[in-house]
Amino acid sequence: MLKAFIGSNVAYERISSNGKKDNPEKNASLLSRLTYSWYSRIITLGYKKPLEREDLFELNDNDSSYTVIPIFEKNWRNEVARQGTVSKNVSLLRALWNTFKYSLIQVAFMKVIADILAFSSPQILKRMIAFTEERPDEGWTGYALALLLLVVTVSQTLILQLYQRFNMLAAVKMKTSVIGLIYRKALQLAYSSRKKFTTGELVNLMSSDAQQLMDLTVNLNLLWSAPFQILMAVVFLWQELGASVLAGVGVLILVIPINAFIASRVKQLKKSHLKSKDQRIKLLNEILHGIKILKLYAWEPSYQRKVADIRESEMDVLKSSGYLTTFSMLTLTCIPFLVSMATFGVYFLLDDANVLTASKVFTTISLFNILRLPLFDLPTVISSVVQTRVSLGRLENFFCGEEINTENIETKYSGSHAVGFSGASFQWDKTGPSILKDLDFKIPEGSLVAVVGQVGSGKSSLLSAILGEMNTLEGKVQRKGAVAYVSQQAWIQNALFQENILFGLAFNKQHYERVLEACALLPDLELLPNGDQTEIGERGVNLSGGQKQRVSLARAVYSNADIYLLDDPLSAVDVHVGKHLFDKLIGPKGLIKNKTRVLVTHSLTVLPQTDLIIVMEEGRAAHIGTYQELMSKRQNFADMIQTFNKGTENEQLSDTAGVFRDPKALQRTKSQHEDGFIKKDRTLTEMSKMPSMKKEKVATGNMRMSIVMKYLYAFGWSWVWFTVIAYIGQNALAVGQNVWLSRWATEAKGIRETSEWTELRNNRLGIYGLLGFVQGILVCYGAYVVTRGTICASRLLHNQMLDNVLHLPLQFFETTPMGQLLNRFTKDVYVIDERFHYYLRTWLNCMLDVLGTIIVIVYATPIFILAVVPLGFLYLLIQRYYISSSRQIRRLDGASRSPVISHFGETLMGAPTIRAYGHQERFINQNKDVVNENLVCYYNNVISNRWLAVRLEFLGSLMIFFAALFAVQAGDKMNSGIVGLSITYALNITQTLNFWVRKACEIETNGVAIERICEYEEMQKEAPWIMGKRPPVRWPDQGIIEFVNYKARYREDHDLALQDITFRLHATEKLGIVGRTGAGKSTLTNCLFRTVEGTGGKIIIDGIDIATIGLHDLRSKLNIIPQDPVLFSGTLQMNLDPLEQHSDAELWEALELCHLKPFVMSLPKRLYHDISEGGENLSVGQRQLICLARALLRKAKILVLDEATASIDMETDNLVQATIRKAFSDCTVLTIAHRLHSVLDSERVLVLDAGRVVEFGEPQRLIEKKGYFSRMISEAKILQSGHAEN
C-alpha cells in the first residue's frame, strides 16, 4: 500500500535511439497519469542517488522547442505580414495568443471546474454543522457528508494539479517561443538597430523579460478567475447573510483605487529597475570581457565602485517596491477582516433579531477564507500585468528593430567578375554619414586583391559592404558565389578544435589535412592534449592570438567558398608563419590560388604578388591597379612603399621564402620548435592543459545549513527576530479571531432575550475588530522588517560576490564561460532580490498555519491526534523522498540555463561571421538544442511538483475526512461551534500543507542561488591588493629590474614555465624579448605583473621584492600596452582616463602624439564621443592607438609593449614607434617582439627558449656570436646592415 502511495520502485524505462529516456507518460494508465505515479521511478532514483541530466525523462514532442518555436515564428511572421510592415501596430501578445490559444482555453476550463469544486466544500460544511445541531436519527447522513467531503477535496486536487501542470507548461512554452525569436532576431539585426541594444540588454531580454512573460502566464487565469471566485463568494454569502453582504462588496470596491495606485507605482518602479539592471549587466559584461586590462592597470576598485553605484540605485527601487508591498500586505490582511466586519455589522444593524449561528459563522468564514486567495492574487496579478506590459514593450521594440536588408547586395549575379561595385556608397546607419563613397570597380574571378590604407580609411568597411552588412545609399554591389570571411579579431567558438574548423560541414579527411598543413596548424595539434579533439575555451582563451587567427583561416578554407574576405589575418602571426600562410594558402601558389581572395593587409611586401591593389583613403578607393601600375603612376603609393622598405618587413616576408623553400631549414625550424617547446617549455602547454572551459558545477546532496545562515546573517539577525515575532503574533491573532467567533456562536445559541444578545454582540464585535486591527499592524510591521532585511541581504551578497570575483586570479576567467558568471549576476541575484525572502516568510507563515490548524483540531477533537501520527509519518516519508529529487532537478535546471546565455553571447560576438557563411539556421537549431535541455529540466521540475502536490493534498483530504468523521462520532459531546471551527481549519490545511512543503523545497532549490553566489568565497584568490608593507610614493623612480633565479608555473601539478631566470636591467634601458611561440615571453611579463606567481627566486624593482607588496601597489606603478585593444562603452574621455586624473589638455596632447587628434577633432562630440560596447564603432587600429594614448597618460617608469601596433598601417606604425621612443625615453621599456625588426634598435635583447634565458646582450653582438638569436635572424633573412644603420 505504501508503494502504491509513494510510487513503485520499478525502474524500467525505454531508452530512445539517442540514449535518452523516453517519456513513459503516454503509455501510463489514466489513474497513473492523474496521480503522476508514472514519475515515481525518478523520485525513487533521486532518493537513492543524486540525479543527473541523463536520468530525467524527455519532453513530449508537443512540448519541445523544436515544435513550439517554429509554430510561434510562423504566427509572428503572419502578424507582421498582416500589419504590412514591422511597426508599432504589430502585437507580440496577439502572435502569442494565436499560437497558444487552445492550450490557454483548455487550462481555463480546468480552472473553472476547480473553482466550482472549491465552493462545494463550504456548502458541505454548512450541512455538517446543521447535522450536528439537529442530530437526526439517521446517523449515516453524517458519515455520508464526511465521505462526500473527501471525494470533493480529492477531485479538486486532481483537477487543480492538472490545471497547474498544463498551465505551467503553456507558460514555459511561451517563454521558449520568445527566446527562440530573440535569438533569430539578434542574428538578423542591422547595425543601426544593434547599436541601440548592448549585450547586457539583449541578455536581459532573454533572461528577465522572457521570464516575466512566463510568470504572468502562470497567473494569467487569475485575471478572470479571481473576479469569478469573488462573485461566487458574494452569491453564497448573500444566501447566508442577505443584503448585508453588499457592505463587504462596497469595501472591496473601495480597495480598487488603492490597487490601481499601487499598480501604477509598480510600473514606474519596474521600468527604473530594468533600466538600472540593464546598466549593471552591461557594465559587468564589459568588466568580465576586459578583466585582463582591469587587473594589469589595477582598475578593479574603480569599476567595482561603478557597479556598486548602479546596484545602489537598484536597491532604492527595490526598497520603494518593498514599501509598496508593505502597504499592499496591510490592505490584503485587512480586506477580509474589514469585509467580515462590515458584513456582520450591517447584518446586525438591518435587524436586531439577526443572530450569528455556528452554521452562518463558519460557512461565512470558509467563504471568506476562499475569498482571501483571489483578493491576495488579484493585486499581484494586476501588478504582474503592469510589469509584463513593460517587458512586452521592450520585446516588441526589439522585434520591430531594423533588420539587415538582403537587397543591399545582389548575390544572384552570374557575370564574369566575382565582386562588382557600380557608383556605390554605403553607410552603417540610415541616419548617419556615408562611410564608403563612390566605389566603382570590379574584382575578377580567381584574383588576389590587396586592400591597403591608413587606420580608419574604410578597409574593413569595404569587406562589410561585400558581405551586405552595410546600407547601400546609392549604386549597387554584386557578388557571385559562396563567401568565407576571416574577421580582424578572430571569432572562436567554445567547441572542439576540429568543430571550429569544420563549422558544421561534413568531415573530409583528405581536405581537412590539406587545410591544417596550409594553415600551419599541424605543429599546434601536437601540442594540444587531445589533438584536434581538444576543447577550445570561450573566445579561444586557451589559444594564442596567432593560433586563433589560423583556426579562423582554416575554417574559411575548409568551407571551400568561391570568395575569401580576409581582414588582416597576417598581423596576428609571427613572420615565419605569415610567410608560410601567404605561400601555402593565400598567395599565387597557395591552396586557394584559384579562388577570389580579397586581403586587407598592412604587410606591403605581399603587394607585388597580388593581381590588383585597392588603396583606400577616407572611404574612397583612391587608387586601383596592379603593383607595377601604381608604382609607376602614383607617386604617393611609391612613397608609401619606399617608407615601408626602410628596414621594416620588406626583407622579412620577401626573403623568408628561403626558409620554407629549403626543406632542411623547415625541418630545422620544426625540430627546434619541438625541442624547445614540447620537451622543456610549458608556457603554451600550460594553457592547453588548463581545464578546458569549466562546465557548470552542479552541487549534490542536502543544501548546507550554512547557506541559509549566510543569508540570515546578511539579512541581519535583528530583522530576523523581528520578522519571527511579527509572524507568530499575526498567526496567533488569526486563530484567536476564529476561536472568538466560535465562542460567540456557541453563546448566541443559548440567548433568548434581544437586549442580552445586543449587549453580547456589541462586546464580541468590538473585540473581534480589535483583534483584526492588531493583526493588521503586525502584518504591516512584518512586511516592513522583511523589506529592510531583504535590502541588506541583497546589497551585501551581491557586493561580496562582485568583490570575490574581482579578487580571483586571471586564470579563472580564462577557463570560465562568461555565461556562468553573468548567470550569477542575473538569475541568481534576481532570486535573492525578489524570491528567496518571499519563500522564507511564506514557509514560516505556512508552518505556523499548519501548527495552528493541528492545535485547533486537536483542541476540538482530541481523538484527532490518533490520525495526526500516521498522517505525519506519511508526510515526512513523502517529503524525504521528494526533496532529494526536487533539489537536484532544480540544480540541473539552474545549470542548464547558463549554456543558453553563453551560446547567445557567443552568437552576438560572431554574428557577422555566422551571416557571412550563411549558417544562421544551424545556429538557430543549436539554440533550440540548449533551450530544449533547459526545458527538459524544467518539465521534470513541474512534474515532480505535481507528484508531491497530489500526495500532500491527498493527506490534507484525509485530515479533513478524519476531522469530519470524529466530529460525527462525537455526537452530542461536541457543540456546533467547535465542529465548525475544527472542519473550517481542516479545509484550510490541504493547500497550506502542500504550500508548506513546496516552500521548504523552494528554499532548498532556490538556496542553490545563494550557494552559487557564495562559492566564489571558497575559491583561491590572488594576492591581496594592498599589504601592510607599501612602497614609497615615488617608487619606482629609476626603473631598475632584476630577476634572480626566478621560477614560475601556471599550476602546482604542472612543470615550470620559467626556470632559473636571471638578468638585470639598468635604469631607462630598452629591452627586446624574443623567442619562438611558447618560449615564455608572455609568461615573463605575466610574472612581472604577478598575474602568474613565482615558485622560487625574486623579481626586484628598484630594490623592492615585488612579492612583498600588494598587487595594486605593484600594478598601478607599471605600464603596459597589450596586444588586444580593450575599450569600454562610454565616452572617449572615460576610456582615456577612467580614474579622471588628467586634464583635457593632457588628453589632447596624448591624442596628438598618437596621431589621433585629427580624427577626434572631426567627431561631433570630440572627447565626449560615445564609444560603443567593446569599441565596435572604431576600427581595430584606432582602438590600438587609443590604448597607446591611455598608456602615454599613465606616468610610469616601466613600460611593457606586447606587439601593440599589429593592426596599424606601416606609415602610422613608424610614426607611433618614434612617439614611443621619444615619450618613453626616460622609462625602462620591455618589448615582446613577434617581429624581429622591432627589437633590433633595443639596447639589449633577451632570448628565451623553453622557459630559460639562452642569450642576453646587445643585438649586434648576439648576431656576431652566431648563436640562437643569430639563427633566428638568418632564418628571417633580415639584412644586418640595413638595421645597423637604423
Side-chain angles (χ1 to χ4, degrees), residues 416-421 439-455 457-460 462-463 466 486 563-571 573 575 578-618 620-658 660-661 1181 1207-1214 1235 1237 1276-1279 1282:
S416 59
H417 53 269
V419 177
F421 290 91
L439 299 183
D440 203 336
F441 59 85
K442 291 179 173 54
I443 297 175
E445 281 190 74
S447 61
L448 172 57
V449 180
V451 182
V452 297
Q454 291 190 341
V455 171
S457 60
K459 302 183 296 297
S460 297
L462 180 66
L463 299 191
I466 297 173
V486 177
I563 302 171
Y564 291 87
L565 305 179
L566 312 174
D567 197 351
D568 203 15
L570 303 178
S571 66
V573 297
V575 57
K579 180 61 183 171
H580 176 90
L581 290 175
F582 190 80
D583 284 352
K584 300 285 187 180
L585 183 67
I586 302 167
K589 297 180 181 179
L591 184 62
I592 55 174
K593 61 186 177 186
N594 297 322
K595 307 285 188 175
T596 305
R597 293 139 292 158
V598 181
L599 173 68
V600 171
T601 184
H602 294 122
S603 301
L604 305 188
T605 50
V606 304
L607 299 187
Q609 301 181 63
T610 61
D611 301 312
L612 190 68
I613 298 168
I614 300 171
V615 182
M616 298 297 295
E617 288 180 10
E618 296 181 353
R620 288 185 167 84
H623 313 298
I624 302 172
T626 63
Y627 181 77
Q628 289 75 18
E629 288 172 352
L630 294 180
M631 285 294 288
S632 61
K633 296 179 182 177
R634 304 292 178 186
Q635 185 59 45
N636 52 356
F637 180 78
D639 291 344
M640 182 168 68
I641 296 295
Q642 190 176 2
T643 302
F644 175 73
N645 284 339
K646 287 181 180 176
T648 56
E649 295 176 346
N650 186 28
E651 299 82 8
Q652 294 180 41
L653 277 177
S654 62
D655 293 334
T656 46
F660 292 97
R661 291 196 188 107
S1207 297
I1208 299 172
D1209 65 276
M1210 196 47 61
E1211 185 181 350
T1212 309
D1213 187 15
N1214 288 336
R1235 299 170 182 175
H1237 81 276
K1277 298 290 184 183
I1278 296 179
L1279 300 179

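Counting from 1, the numbers follow the sequence of the chain as shown. What you see is a predicted model; the values in this text were computed from it and never measured.
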Colleague: In the structure I gave you, are the side-chain heavy atoms of Thr601 and Val451 within less than 4.5 Å of one another anywhere?
Modeller: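 They are not in contact (no side-chain heavy atoms under 4.5 Å apart), so the answer is no.
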Colleague: Hey, does the side chain of Lys589 reach the backbone of Asp583 with a donor-acceptor pair shorter than 3.5 angstrom?
Modeller: no
Colleague: How close do Leu463 and Asp567 get, heavy atom to heavy atom, and via which atoms?
Modeller: CD1-CB, 3.7 Å
Colleague: Looking at Glu629, is its backbone amide N or carbonyl O close enough to the side chain of Thr626 to form a donor-acceptor pair, meaning the two atoms are under 3.5 Å apart?
Modeller: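 Yes; at least one donor-acceptor contact below 3.5 Å.
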Colleague: Which residues satisfy the side chain to side chain contact (heavy atoms under 4.5 Å, CB included) test with Leu591, sequence neighbours excluded?
Modeller: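 If we apply the side chain to side chain contact (heavy atoms under 4.5 Å, CB included) test to Leu591, skipping adjacent residues, the hits are Arg514, Val515, Ala518, Val557, Leu585.
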Colleague: Can any side-chain N or O of Arg597 pair as donor or acceptor with the backbone N or O of Lys593 at less than 3.5 Å?
Modeller: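 Such a contact is found between Arg597 side chain and Lys593 backbone.
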Colleague: So, do Phe421 and Ile466 sit near enough that their side-chain heavy atoms are less than 4.5 Å apart?
Modeller: yes
Colleague: Write down the atom of Ser457, the atom of Met616, and the distance for their closest heavy-atom approach.
Modeller: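 Taking every non-hydrogen atom into account, CB-O, 3.4 Å.
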Colleague: In chain order, what residues pass the side chain to side chain contact (heavy atoms under 4.5 Å, CB included) check against Pro444, with sequence neighbours excluded?
Modeller: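 Once residues adjacent in sequence are excluded, the partners of Pro444 under the side chain to side chain contact (heavy atoms under 4.5 Å, CB included) criterion are Ser447.
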Colleague: Determine the minimum heavy-atom distance between Leu439 and Ala621, stating which atoms define it.
Modeller: CD2-N, 3.8 Å
Colleague: Taking atom NE2 of His580 and atom CD1 of Ile586, what is their separation to the nearest 0.5 Å?
Modeller: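 Reported value, rounded in 0.5 Å steps: 10.5 Å.
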Colleague: Taking all non-hydrogen atoms of both residues into account, name the closest pair between Thr610 and Ala450 and its distance.
Modeller: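 Shortest heavy-atom contact: CG2-CB, 3.8 Å.
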Colleague: Do the non-hydrogen side-chain atoms of Gln609 and Tyr627 ever get within less than 4.5 Å of each other?
Modeller: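 No, too far: nothing below the 4.5 Å cut-off.
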Colleague: Quick check: do Ile592 and Tyr564 have side-chain heavy atoms less than 4.5 Å from each other?
Modeller: yes
Colleague: Counting C-beta onward and ignoring hydrogens, is there a side-chain heavy-atom pair between Ile443 and Thr596 closer than 4.5 Å?
Modeller: yes
Colleague: Taking all non-hydrogen atoms of both residues, which atom of Gly625 and which atom of Leu630 are closest, and how far apart?
Modeller: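 So the two residues come closest at O-CD1, 4.0 Å.
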Colleague: Does Leu448 offer a backbone N or O that forms a donor-acceptor pair with the side chain of Asp611 under 3.5 Å?
Modeller: yes
Colleague: How far apart are the closest heavy atoms of Pro569 and Leu599, and which atoms are they?
Modeller: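 Minimum heavy-atom contact is CD-CD1, 3.6 Å.
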Colleague: Answer yes or no: is there a side-chain heavy-atom contact under 4.5 Å between Ile614 and Val452?
Modeller: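 No, every pair of side-chain atoms sits at 4.5 Å or beyond.
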Colleague: Under the side-chain contact (heavy atoms from CB on, under 4.5 Å) test against Val615, which residue among Gln454, His623, Arg620 passes?
Modeller: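 Single pass found, and it is His623.
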Colleague: What pairs with Glu445 under side-chain hydrogen bond (donor to acceptor under 3.5 Å, both in side chains), at least two apart in sequence or on another chain?
Modeller: Lys480
Colleague: Within the structure provided, determine whether Ile613 and Ile624 are in side-chain contact (heavy-atom separation under 4.5 Å).
Modeller: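 No, side chains not in contact.
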